[in-house]
Asker: 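My questions will all concern the structure given below.
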Amino acid sequence: MSADATTGGAVTATGPAAAADTSRRGPGLAARLAARTGGGVLRVVLLLVALFWLLPTVGLLLSSLRSPTDITASGWWKVFTTPSQLTFSNYHTLLSNSAITDSLWNTVLITVPATLLVVVVGSLAGYAFAWMDFPGRDWWFMAVVALLVVPVQVALVPVAKLFGELGIFGDIIGVVLFHTAFGLPFAIFLLRNFFAEIPRELLEAARLDGAGELRLFVRVVMPLGGPAIASLGIFQFLWVWNDMLVALIFTNSDSQPITVALQQQVRQFGNNIDILAPGAFVSMVIPLAVFFAFQRQFVSGVMAGAVK
Amino acid sequence: MADASLPGAGGGAVGAAPVTPGPVKGPGGGPRRSIMGTPPWLAALFLLPALVLLGALVAYPIVYTIHRSLYDAGGSGFVGLKNFGTVFSDHGILTAVRNNAIWVVVAPTVATALGLVFAVLTERVRWGTAFKLVVFMPMAISMLAAGIIFRLVYDQDPSRGVANAVVVAVHDTFTSNAAYPGARPRPNSDLAPTAGGSYTSKSTASVGTSANLPLVGIPQNKLPAGAQQAKPAAPKPDAVTGTVWLDFRPGGTGKPGVIDPGEKALSGVKVQAVKNGKVVASAKSGKDGTYTLPSSAAGAQLRLPASNFAEKYNGINWLGPSLVTPSIIASYVWMWAGFAMVLIAAGLAGVPRELLEQARVDGANEWQVFRRITVPLLAPVLVVVMVTLMINVLKIFDLVYIIAPGQTQSNANVLALQLYLSSFGGGNDQGVGSAIGVILLLLVLPVMIVNIRRLRREGRR
């Protein structure tokens, strides 16, 4: 164990506690027993916390599986005593509602391009920052890092005006561009750092084989950047899929994603839970699937994105 | 951008692998020279799409917003800092400022504290990863979905909203008084209405005879399930006894004041013996409606206090004016405690086990180990988590917009919501909206500076 500065400091911190207990030689039988039973209590507590954490989502799922009459009459936990209440009819109604299915499709049309664009544009810039020479490179990169924490709210008014002048206010393309732009600082930061770690020899070898800059980027850098690109892609995908605010401003009734469509229903909350509950659940299915399938990459992205 | 400072980032997370390998060599550092003497125009070509997008949709808007914040609602008249004055003087916007302050202090602290506790505790159970998945999962869903989820949780009606269902169940367990709202004596009977909704007998009670207290006014089907047939109380020589019952038989064939077959007992009714305005004894009716007061009750008037007739307890008004912000913060903590937990767990994986073991061998108990070794070692991670959550909370919008009902939206207001309302939601004042945007930007400025400084430090290394 190499004692670095941090651990050294902590050892000093334990000093008083340890000194106070010099008379004791290790934990006694009582302490061991306490630890044993404490473990049992701990397990129960953690189990309860986990159930507590699951409860709200389970409530939504079970509510979405009950008829409107049942929902108004009683709570979702009644299905445990009367399982016959469970029905898919809300989902049938919801998925035959073209406003909802259209908005679901809009979510896909916004999310997929916004994710791909961030990956491509971010990789190009990340590679340039990592391996190309140009005047003021470090200053440009610093500017990108500065933009990491800029809140989207700052840009809403000006960009709405800009889109209006360009005639793309209300179009899906506007939302896609906005999400791409706000995803870029993180994308460039993440990918530049990752690309910079590619062994120089690899790139030189490819260069000797006669690869041009573009070919090098597509054939060597992008594949090697796979893990970082995956993290970025998943992070951005979830971010855009789950967005409501940006779409609320830049889309209209034809281009709105599912979040905006459901948001309008919330105003009459109470008499439309049969739309809201299954709608919310449908909107959650893809993000949850992505989350469970790519937890590793997601967690990496989240960690790299801390202090974003 | 914290990865480099996280000890062993990725090690203990939900099976995470670190993306950015180790501390990054900064600009100008060793190996990161162009390998092929790229001409600047090619570099420009690679950078162009990113720079155009960032310039047009991030950088230019910042400048425009700062400029716009100095103009009036219409955008033509220069007003200086008046819009900022409005933010800090307008009653509605001040609520947003105050709520934002509460959010920024409370939400990150609670989420980080919970994350720390979860991260430390899950290390000791074998299914820790499953636990982490469950707590981390809400991060993957939209704030809109989370908002809908919590609108359901916070439903005021205890028969629908799970939060109030639990609160009412707990409340009813600890207050054993059965409440019969609407129950009352027959007009002109011995029991007469008295102060505060109670009923008091005109006559005084005596030992050895039974003092019956008939009530009407509630339908039999509103009685608690399993209400029994009322029974006459047996007279006792040393006690005041009697029966509380619903003096009504379906079909209307019962005699007033008489316990007829088919008439149900009212159990759990509180009966007080009152002498000169003072309660000298009290009792509760049993399952068969009978009650027994000690002999000290002899000569006293019998009173049925108002608590017997209180409306049923309906739980907490979670989304009412006073609780709406804490309730929404709780839903935020539900979403983001997992984030704190995963980052802290990753940091925890980098804490040397030997150190903890050594402290335990030296006789430190678990709390001391946690307080004096684990937490100090995790301090850098905790700071990163707190700061990330603070930036995130600063911009909170969706949860408030979705969860707060129309009537209490103004009580739950936050800056990002006010910005939206001022600029797009009918407020019709993009000057004030822009001023709020500038304020949000100023609040993240310190973090921006720290990020740049860290970059330069890494560059020099």
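Hydrogens, waters and symmetry mates play no part in the numbers below; they use all other heavy atoms, side chains included. Every chain is numbered from 1, with letters handed out A, B, ... down the list of sequences.
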Asker: Tell me if a side-chain donor or acceptor on Q153(A) pairs with a main-chain N or O of K395(B) at a distance below 3.5 Å.
Answerer: yes

Asker: Between T57(A), T180(A), V45(A), which shows the greatest number of heavy-atom pairs under 4.5 Å with chain B?
Answerer: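 Ranked by heavy-atom pairs under 4.5 Å with chain B, first place is T57(A).
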
Asker: Heavy atoms only, distances under 4.5 angstrom: which of V120(A), D243(A), L60(A) has the most pairs with chain B? Name it, please.
Answerer: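 Greatest number of close heavy-atom pairs with chain B: L60(A).
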
Asker: Between I273(A) and R151(B), is there a side-chain heavy-atom distance shorter than 4.5 Å?
Answerer: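 No, side chains not in contact.
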
Asker: Between L419(B) and chain A, with a heavy-atom cut-off of 4.5 Å, which part of the residue counts as in contact: side chain, backbone, both or neither?
Answerer: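 For L419(B), the contact with chain A is made by the side chain alone.
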
Asker: Top residue by heavy-atom pair count (under 4.5 Å) with chain A, among V438(B), V444(B), V135(B), D157(B)?
Answerer: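 Most heavy-atom pairs within the cutoff with chain A belong to V135(B).
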
Asker: Measure across W77(A) and P158(B) and return the closest heavy-atom pair with its distance rounded to 0.1 Å.
Answerer: CZ2-O, 3.8 Å

Asker: Are M244(A) and I402(B) close enough that some pair of their side-chain heavy atoms sits under 4.5 Å apart?
Answerer: yes

Asker: Counting only heavy atoms closer than 4.5 Å, note whether F195(A) contacts chain B via side chain, backbone, both or neither.
Answerer: neither

Asker: Could you grab the distance from atom OG1 of T129(B) to atom CD of Q295(A), nearest 0.5 Å is fine?
Answerer: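 One finds 9.0 Å between OG1 of T129(B) and CD of Q295(A).
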
Asker: What part of W140(A) gets within 4.5 angstrom of chain B, counting heavy atoms only: side chain, backbone, both, or neither?
Answerer: side chain

Asker: So what's closer than 4.5 Å to chain A heavy atoms on L114(B): side chain, backbone, both or neither?
Answerer: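 When you check distances to chain A, only side chain atoms of L114(B) fall under 4.5 Å.
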
Asker: Given side chains that start at C-beta, do those of L117(A) and L53(B) come closer than 4.5 Å, heavy atoms only?
Answerer: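 No - every pair of side-chain heavy atoms lies 4.5 Å or more apart.
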
Asker: Of all the heavy-atom pairs spanning S159(B) and A73(A), show the shortest one and how long it is.
Answerer: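 Nearest pair, atom of S159(B) first, then A73(A): OG-O, 4.1 Å.
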
Asker: By a 4.5 Å heavy-atom criterion (distance strictly below it), what part of T259(A) contacts chain B: side chain, backbone, both, or neither?
Answerer: both

Asker: Pick whichever of R68(B), E366(B), M137(B) has the most heavy-atom pairs under 4.5 Å with chain A.
Answerer: M137(B)

Asker: In Å, rounded to the nearest 0.5 Å, how long is the span from OG of S283(A) to CD1 of I148(B)?
Answerer: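 If we round to the nearest 0.5 Å, S283(A):OG and I148(B):CD1 are 7.0 Å apart.
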
Asker: Any side-chain heavy-atom pair from F131(B) and L47(A) closer than 4.5 angstrom?
Answerer: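 Sidechains of L47(A) and F131(B): no contact.
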
Asker: Could you give the distance from OG (S142(B)) to CH2 (W239(A)), rounded to the nearest 0.5 Å?
Answerer: 12.0 Å

Asker: Any idea which of S123(A), G279(A), P199(A), A146(A) has the most non-hydrogen atom pairs under 4.5 angstrom with chain B?
Answerer: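 The answer is A146(A).
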
Asker: Which one of V162(B), V153(B), T122(B) has the most heavy-atom pairs closer than 4.5 Å to chain A?
Answerer: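 So the answer, after comparing V162(B), V153(B), T122(B), is V162(B).
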
Asker: Picking from F217(A), F52(A), F178(A), which has the most non-hydrogen pairs under 4.5 angstrom with chain B?
Answerer: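 Maximum pair count with chain B is reached by F217(A).
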
Asker: Could you look at A143(A) and say if it's the side chain, the backbone, both or neither that has a heavy atom under 4.5 Å from chain B?
Answerer: neither

Asker: Can you say whether L177(A) sits under 4.5 Å from chain B via the side chain, the backbone, both, or neither, judging by heavy atoms?
Answerer: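 Both backbone and side chain.
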
Asker: Side chain from CB out, backbone as N, CA, C, O: work out which of these in L248(A) comes under 4.5 Å of a heavy atom of chain B, or both, or neither.
Answerer: side chain

Asker: Measure the spacing between CG of L47(B) and CD1 of I188(A) and express it to the nearest 0.5 Å.
Answerer: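 Result: 7.5 Å between the selected atoms.
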
Asker: Would the distance check show the side chain of N242(A) and the main-chain N or O of M143(B) forming a donor-acceptor pair, the cut-off being under 3.5 Å?
Answerer: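 Absent.
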
Asker: Heavy-atom distance under 4.5 Å to chain B: side chain of V144(A), backbone, both or neither?
Answerer: side chain

Asker: Give the member of A163(B), G437(B), P49(B) that has the highest number of heavy-atom pairs under 4.5 Å with chain A.
Answerer: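 Answer, by heavy-atom pair count under 4.5 Å with chain A: P49(B).
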
Asker: In Å, rounded to the nearest 0.5 Å, how long is the span from CG of L124(A) to CG of L48(B)?
Answerer: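 Separation between the atoms: 10.5 Å.
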
Asker: Mind ranking L57(B), V134(B), T65(B) by heavy-atom pairs under 4.5 Å with chain A and telling me who comes out on top?
Answerer: L57(B)

Asker: Specify whether F136(B) and F298(A) have parallel, tilted or perpendicular ring planes, treating 30° as the upper limit for parallel and 60° as the lower limit for perpendicular.
Answerer: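 Tilted: the ring planes of F136(B) and F298(A) meet at 30° to 60°.
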
Asker: For F281(A), is it the side chain, the backbone, both, or neither that has a heavy atom closer than 4.5 Å to a heavy atom of chain B?
Answerer: neither

Asker: With a 4.5 angstrom heavy-atom cut-off, is it the side chain or the backbone of I249(A) that approaches chain B, or both, or neither?
Answerer: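 It is the side chain, since no backbone atom gets that close.
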
Asker: If you define the side chain from C-beta out and look only at heavy atoms, does anything of I258(A) sit under 4.5 Å from L144(B)?
Answerer: no

Asker: By a 4.5 Å heavy-atom criterion (distance strictly below it), what part of W127(B) contacts chain A: side chain, backbone, both, or neither?
Answerer: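 When you check distances to chain A, only side chain atoms of W127(B) fall under 4.5 Å.
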
Asker: Which answer fits L245(A), side chain, backbone, both or neither, if we ask what part of it has an atom under 4.5 Å from a heavy atom of chain B?
Answerer: both

Asker: Given heavy-atom pairs under 4.5 angstrom as the criterion, report whether the side chain, backbone, both or neither of L232(A) touches chain B.
Answerer: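 No part of it gets close to chain B.
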
Asker: For F424(B) and V157(A): C-alpha separation, side-chain torsions, deciding distance, then whether side-chain contact (heavy atoms from CB on, under 4.5 Å) applies.
Answerer: CA-CA 8 Å; F424(B) 306 99; V157(A) 171; 4.1 Å; yes

Asker: In terms of heavy-atom contacts, does CZ of R126(B) have more than 12 from other residues, nucleotides or ligands at under 6.0 Å?
Answerer: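 Open: at most 12 neighbouring heavy atoms sit under 6.0 Å from CZ of R126(B).
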
Asker: Measuring from atom CG of D155(B) to atom OG of S63(A), what distance do you get when rounded to the nearest 0.5 angstrom?
Answerer: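 These two atoms lie 9.5 Å from each other.
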
Asker: Which answer fits L51(B), side chain, backbone, both or neither, if we ask what part of it has an atom under 4.5 Å from a heavy atom of chain A?
Answerer: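 The side chain, not the backbone.
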
Asker: For the candidates A155(A), P151(A), A187(A), A230(A), which exhibits the highest count of non-hydrogen atom pairs separated by less than 4.5 Å from chain B?
Answerer: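 Among the listed options, the one with the most contacts to chain B is P151(A).
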
Asker: I'd like to know which of P56(A), G122(A), A50(A), A128(A) tops the heavy-atom pair count under 4.5 Å against chain B.
Answerer: P56(A)

Asker: So L152(B) and W76(A), side-chain contact (heavy atoms from CB on, under 4.5 Å) or not? Walk me through it.
Answerer: CA-CA 10 Å; L152(B) 287 171; W76(A) 50 263; 5.9 Å; no

Asker: Does any backbone or side-chain atom of K161(A) lie under 4.5 Å from a heavy atom of chain B? Answer side chain, backbone, both or neither.
Answerer: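 Side chain of K161(A) only, per the 4.5 Å heavy-atom cut-off to chain B.
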
Asker: So do the side chains of F46(B) and F134(A) get within less than 4.5 Å of each other, counting heavy atoms only?
Answerer: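 No, their side chains stay 4.5 Å or more apart.
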
Asker: Heavy-atom cut-off 4.5 Å, strictly under: side chain, backbone, both or neither for I198(A) against chain B?
Answerer: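 Looking at I198(A), nothing touches chain B.
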
Asker: Start with the C-alpha distance between V145(A) and R454(B), add both sets of side-chain angles, then the distance that settles side-chain contact (heavy atoms from CB on, under 4.5 Å), and finish with yes or no.
Answerer: CA-CA 10 Å; V145(A) 169; R454(B) 181 153 44 189; over 6 Å; no

Asker: Considering only heavy atoms, which portion of P138(B) lies under 4.5 Å from any heavy atom of chain A: side chain, backbone, both, or neither?
Answerer: side chain

Asker: Between V152(A), V159(A), L156(A), which is the residue that forms a side chain to side chain contact (heavy atoms under 4.5 Å, CB included) with P61(B)?
Answerer: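 For P61(B), the side chain to side chain contact (heavy atoms under 4.5 Å, CB included) check succeeds only for V159(A).
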
